[in-house]
Amino acid sequence: MSAEATNPATPGPVAGPAARWRARIDLRRLGRAALLGPAARDRLPDAISHVAEAHRAHHPDADLEPLRRAWVLAESSHRGQMRKSGEPYITHPLAVTLILAELGAETTTLTASLLHDTVEDTEVTLDQVGEEFGAEVRFLVDGVTKLEKVDYGAAAEPETFRKMLVATGNDVRVMSIKLADRLHNMRTLGVMRPEKQARIAKVTRDVLIPLAERLGVQALKTELEDLVFAILHPEEYEHTRELIVDNASRADDPLAEIAEEVRGVLREAGIQAEVVIRPRHFVSVHRTARKRGRLRGADFGRLLVLVGEDADCYGVLGELHTCMTPVVSEFKDFIAVPKFNLYQSLHTAVARGDGQVVEVLIRTHQMHKVAEAGVVALGNPYVGPAEEPSSADGERADPTRPGWLSRLLDWQAAAPDADTFWSTLREDLAQDREITVFRPDGGTLGLPEGATCVDAAYAQYGEDAHACLGARVNGRLATLSTVLKDGDTVQLLMGQDPAAEPSKEWLEHAHTPAARIAIQRWIATHPAHETPERSGTDGGAAEAAHTFRPSAAEPPTADTPDSAGRSTPEPQTPDERADDRPGAAVALVDQPGATVRLAGCCTPVPPDEITGFAVRGGVVTVHRVECAAVARMKGTERREVGVRWGDTAECRVTLFAESFGRPHLLADLTEAMAGEGAEIVSATVEPPSQQRVRHTYTVQLPDAALLPGLMRAMRNVAGVYDVSRAQGPAG
């Protein structure tokens with residue numbers, strides 16, 4: 001029996017099996033009477049007429065017969081039970097059902113809400129509920145019954161809480177009923193002892209209010225916040241109440257004035273809209289006062305503009321920003337990028353002549369419904385009532401649940417133990433804000449404020465993120481420890497090794513449960529394994545930087561040009577490189593006697609489109625036409641010379657590779673290059689800088705057509721994130 005229910009008429013359970021059996025028969029008779037009763041479909045007991053009225057406001061064609069039958073069973077089952085306040089116990093499920101009806105819950109949820117305490121507090125069984133009301137209602141009542149057995153406090157058994165959230169995730173309507181149940185209990189908490197009030201309020205603050213936020217049920221969340229505020233901070237609550245009362249007694253109301261001005265602007269623009277004033281709730285006023293100091297009239301509320309279509313939202317925004325003075329820093333578009341809890345709206349603010357700033361929310365009527373009721377407004381998540389609501393293993397797939405709840409189910413399944421799940425859940429619920437980051441493919445990731453690239457990797461790839469090597473944030477290389485900001489674009493650089501291992505140090509930079517649990521799970525299942533130290537700096541110890549030159553390639557020497565103007569070896573300089581291999585790629589120039597040099601800044605090879613420029617000493621340098629040096633050469637009026645490739649396809653080219661440091665990287669990279677037929681003429685590996693390593697390779701290829709494949713093979717080596725042709729600055 002729940003803490004609120006007492007039964008003075010029957011102080012204990014039915015004593016003997018015979019009495020228990022008679023009670024069960026009586027309940028079956030009541031259930032059958034409810035099922036077969038003569039009342040017409042629209043005739044309901046007066047006690048639930050207001051529930052029916054609220055329900056029909058959202059669902060005009062709803063079948064009210066299940067509600068009538070549920071009321072008959074609930075009222076008869078709870079008869080004689082009293083709440084601690086002295087009221088008949090049936091007033092509690094009735095009030096909970098009214099809360100949900102006002103939010104727009106569908107009939108099945110309301111039916112289960114009326115019955116939600118029957119299995120826990122009376123002799124009604126789940127089988128009875130299933131027989132009389134169907135599998136859906138049975139499932140919801142069972143889920144809420146399990147929630148009633150959960151102690152949400154600090155001493156709660158983690159495994160019990162974990163099972164509760166699994167049940168919630170399988171059908172979010174379970175938690176909807178629980179939240180409404182807690183709201184009504186909080187409304188009537190005054191009959192409890194002060195210490196018990198405080199305990200329940202703290203649990204509500206720490207667990208249930210964050211859950212309401214993440215499920216998008218703002219109407220419940222805000223009232224719960226105010227009720228908790230009044231209990232835990234009575235002095236601040238009283239001060240805030242006085243501020244609100246004093247403001248309400250003022251003759252002038254800047255919100256009313258600006259609302260009328262907005263109506264006039266939209267009327268003149270031909271936009272049909274409803275403009276209403278939304279007073280801030282107590283906690284919101286308290287927070288605003290702490291942030292701004294002395295409050296002015298416009299700080300006690302916001303304007304809400306409701307329109308019919310999405311496009312009208314932006315039309316309203318345009319008119320307000322054109323006809324009034326917008327505060328650009330206050331603009332946020334949660335329509336294009338909805339919040340993780342389904343919330344959609346445009347946020348802006350306009351300034352009055354006296355300096356007061358009025359916040360404005362712009363949304364459609366449907367957006368407003370979801371903003372207030374969250375998952376409750378989504379109704380029955382299943383395709384049709386005739387379908388079996390659960391799969392063979394009892395699991396359910398709910399396509400309407402928000403992304404946060406989906407992620408919760410994923411990482412609770414991956415948690416190595418219940419204590420880890422519990423601690424990470426409480427950390428996640430403590431997060432007040434969420435940011436949105438963008439992926440290069442156009443997708444988005446919702447992450448808590450303070451999340452890093454490590455968190456983004458596990459949010460996008462799950463446990464495959466063990467192979468993450470680094471990231472680019474807004475196009476720039478970044479360490480995995482980089483803290484992301486709202487609106488950042490994150491490209492994650494992934495290795496190809498299926499046996500990749502995370503680093504223990506990543507735990508220092510992981511803020512989300514998904515990341516922490518995945519890393520901890522790997523560590524727990526590999527206790528004797530030393531994980532690589534690839535942490536927030538993105539890499540481990542690279543091999544010592546060095547330069548080597550294969551013995552088969554001698555240092556280049558100068559030769560005499562032949563009469564055809566073929567390219568011949570020349571001493572190398574930082575900006576120019578000659579080919580010293582017989583049969584290598586040959587550039588032919590229309591200038592007899594000229595020495596031809598292949599420019600080191602862009603290392604042209606067949607079939608690159610090339611051009612040449614005459615320089616000192618009868619030398620012609622050959623560049624790729626897109627080389628940055630070409631424009632500089634033309635700007636200094638260097639004489640351009642026609643060049644073309646000869647018949648030989650063999651080529652020499654310089655390649656730059658960028659990688660994160662790791663053991664054996666150089667060996668793996670050179671092996672991959674050899675596999676593509678490349679002969680390494682020389683190579684330089686620079687000392688690591690922030691665990692990133694730059695390699696320079698000059699290679700000989702038997703056929704220039706092999707170059708694209710060589711570059712692909714190099715990029716596929718784990719740890720390598722970029723390979724490019726030599727393309728130096730035009731200086």
Side-chain angles (χ1 to χ4, degrees), residues 332 337 339-340 403-404 407 411 424 427-428 430-497 500-520 522-523 531-542 656-662 665 686-694 715 717-724:
K332 293 181 180 178
V337 184
K339 286 189 177 182
F340 65 99
W404 171 82
R407 295 198 302 272
W411 55 256
T424 50
E427 290 175 10
D428 184 69
Q431 299 288 341
D432 291 330
R433 296 183 57 191
E434 181 159 299
I435 63 172
T436 299
V437 298
F438 296 89
R439 305 195 315 240
D441 61 4
T444 61
L445 295 172
L447 298 167
E449 191 173 44
T452 65
C453 292
V454 171
D455 300 306
Y458 284 94
Q460 183 170 348
Y461 293 106
E463 293 195 357
D464 289 343
H466 295 337
C468 187
L469 299 166
R472 291 182 186 271
V473 177
N474 301 324
R476 294 178 176 272
L477 286 172
T479 63
L480 288 178
S481 59
T482 300
V483 176
L484 299 170
K485 299 187 296 295
D486 195 37
D488 280 348
T489 296
V490 181
Q491 177 188 3
L492 299 163
L493 307 172
M494 304 297 294
Q496 305 298 316
D497 185 1
E501 306 165 1
S503 168
K504 290 181 181 178
E505 292 186 11
W506 286 1
L507 284 173
E508 299 176 11
H509 313 300
H511 291 263
T512 60
R516 295 187 64 83
I517 286 178
I519 298 168
Q520 289 170 337
W522 192 95
I523 293 172
T531 58
E533 302 302 320
R534 290 192 290 149
S535 67
T537 51
D538 304 316
F656 297 137
E658 294 180 273
S659 72
F660 296 112
R662 68 168 176 83
L665 175 64
E686 299 176 3
S689 174
Q690 293 186 335
Q691 298 301 328
R692 293 191 286 271
V693 183
R694 181 179 172 89
R715 291 191 188 100
V717 173
V720 176
Y721 57 82
D722 195 17
V723 176
S724 61

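Only heavy atoms go into these numbers, but all of them, side chains included; no hydrogens, no water, no symmetry mates. Here, residue 1 is the first one in the sequence, and each next residue gets the next number.
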From CA spacing to verdict: side-chain contact (heavy atoms from CB on, under 4.5 Å), Ser481, Thr452
CA-CA 6 Å; Ser481 59; Thr452 65; 5.6 Å; no
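- Counting only heavy atoms from C-beta outward, the side chains of Cys453 and Thr479 never approach each other to under 4.5 Å.
- For the atom pair CD of Glu505 and CG of Leu480, the computed distance is 11.5 Å after rounding to the nearest 0.5 Å.
- Heavy-atom minimum distance, Ala510 versus Val454: CB-CG1, 4.1 Å.
- Taking every heavy atom of both residues into account, Ile519 and Ser503 meet most closely at CG2-O, 4.0 Å.
- Residues Arg476 and Thr482 are not in side-chain contact: their nearest non-hydrogen atoms beyond the backbone lie 4.5 Å or more apart.
- Considering CD of Gln491 and CG of Asp441, their distance stands at 10.0 Å, rounded to 0.5 Å.
- Nearest heavy-atom pair across Asp464 and Met494 is O-CE, 3.4 Å.
- For Val490 against Ala456, the heavy-atom pair with the smallest separation is CG1-CB, 4.5 Å.
- Within the 3.5 Å criterion, the main-chain N or O of Thr512 finds a donor-acceptor partner in the side chain of Asp455.
- Of all heavy-atom pairs spanning Gln460 and Leu492, the tightest one is OE1-CD1, 3.4 Å.
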Residue pair Asp486, Lys332: steps toward the side-chain contact (heavy atoms from CB on, under 4.5 Å) verdict
CA-CA 11 Å; Asp486 195 37; Lys332 293 181 180 178; over 6 Å; no
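- Residue Ala518 comes nearest to Glu463 through the heavy atom pair CB-CG, 4.2 Å, listed as atom of the first residue, atom of the second, then distance.
- Residue His509 holds its NE2 atom at 11.5 Å from CZ of Arg516, rounded to the nearest 0.5 Å.
- Residue His466 forms a ring pair (Phe, Tyr, Trp, His ring centres under 6.0 Å) with just one option from Tyr458, Trp506, Tyr461, and that option is Tyr458.
- Between Leu507 and Ile523 the shortest side-chain heavy-atom distance falls below 4.5 Å.
- Here Leu445 contributes atom CG and Thr436 contributes atom OG1; the two are 9.0 Å apart, rounded to the nearest 0.5 Å.
- For Asp488 (side chain) and Val473 (main-chain N/O), no donor-acceptor pair under 3.5 Å exists by modelled atom type.
- For the atom pair CG of Leu493 and CG of Leu469, the computed distance is 7.0 Å after rounding to the nearest 0.5 Å.
- Rounding to the nearest 0.5 Å places CZ of Arg439 at 11.5 Å from OG1 of Thr489.
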